[in-house]
Amino acid sequence: MTERSLSDVEYNYKLINERIADAAEKSGRKREDITLLAATKTVDAPTINHAISLGLDHIGENRVQELLSKYELYNLVNCSLQFIGHLQTNKVRQIVDKVDLIQSVDSLRLAQEISRQSLKHGKTTDILVEVNIGREENKSGVFEENLEELICQIAELEGISVKGLMTIPPICDNKQKIMKYFNNMHKLFIDISQKKLDNVSMTILSMGMSDDYCEAILAGANMVRVGSALFGARNYS
Ligand SMILES: *Cc1c(COP(=O)(O)O)cnc(C)c1O
């Protein structure tokens, strides 16, 4: 972290907020209707805390080990910490007491473990169900034809509460293709909402990353997950 990179983050943060406000307005909503979550993988805690000091109030980590190694260092007083990566069932117990939302639930087995571990801590964990909207092999997320059944099964568990849907669409070489996936997700989100399933609230539709968060908002997303556009290109070394 350098002075330079902190001022870049500040510049990027303002720009992203303006673009979100603009896309929100174009879709008949307001800036405050959209949640900006910063995807913080590979970013050091001081840089994350700098973004939080600018007003960022949602961050998401991808890896359990990385979350645990930074956990004591984040300034979370006014910030929600979420888990957005693929979560192995045997690692649930390491994070369940530390996160406000798990965005990436795609199996009953994982949901059952979140339920079990949450009950041990006397808490209810909010989750999103991850949808594999592009039907890609080797990718996390449930296929749309299995979505409603999975949601209904999770809704019967204690200590876990379904709050919406999340997706990572396939990498697309043009905006029209990505819009098609985003629109399909929004339709699923509305269809499930209208079924008014017991113990299910469809309040969050999490989609859109650095390259396409404006398109996602135009298609109805109310949470976008932005990493490199805020913090710069990731350095995995
Ligand atoms: C890394 C990541 C993002 C952000 O990616 P960028 O393209 O850097 O904005 C969003 N969602 C998930 C699940 C991620 O892992």
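Remember, it's 1-based here, ligands and their atoms both numbered in the order they're listed. Hydrogens, waters and symmetry mates are skipped; everything else that's a heavy atom, side chains included, is used. All values reported here derive from a predicted model rather than from experimental measurement.
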Donor on one side chain, acceptor on other, S206 and R225, under 3.5 Å: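 There is such a pair between these side chains.
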
Neighbouring residues of ligand 1, heavy-atom cut-off under 4.0 Å: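 Shell around ligand 1 (4.0 Å, heavy atoms): A39, K41, N62, I84, I168, M209, S210, R225, V226, G227, S228, R234.
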
Note: E145-R135 ion pair, threshold 4.0 Å (strictly below):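 Between R135 and E145 there is a salt bridge, with a charged N closer than 4.0 Å to a carboxylate O.
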
K195/D191 ion pair, N-O < 4.0 Å: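 So K195 does not pair with D191 through a salt bridge.
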
L110 versus S107, closest heavy-atom pair with distance: N-OG, 3.1 Å

Smallest separation among heavy atoms of Y181 and C172, with atom names: CE1-SG, 3.7 Å

Salt bridge (Lys or Arg N to Asp or Glu O under 4.0 Å) partners of residues 58-77, not counting sequence neighbours, each pair once: E61-K70, R63-E66, E66-K70

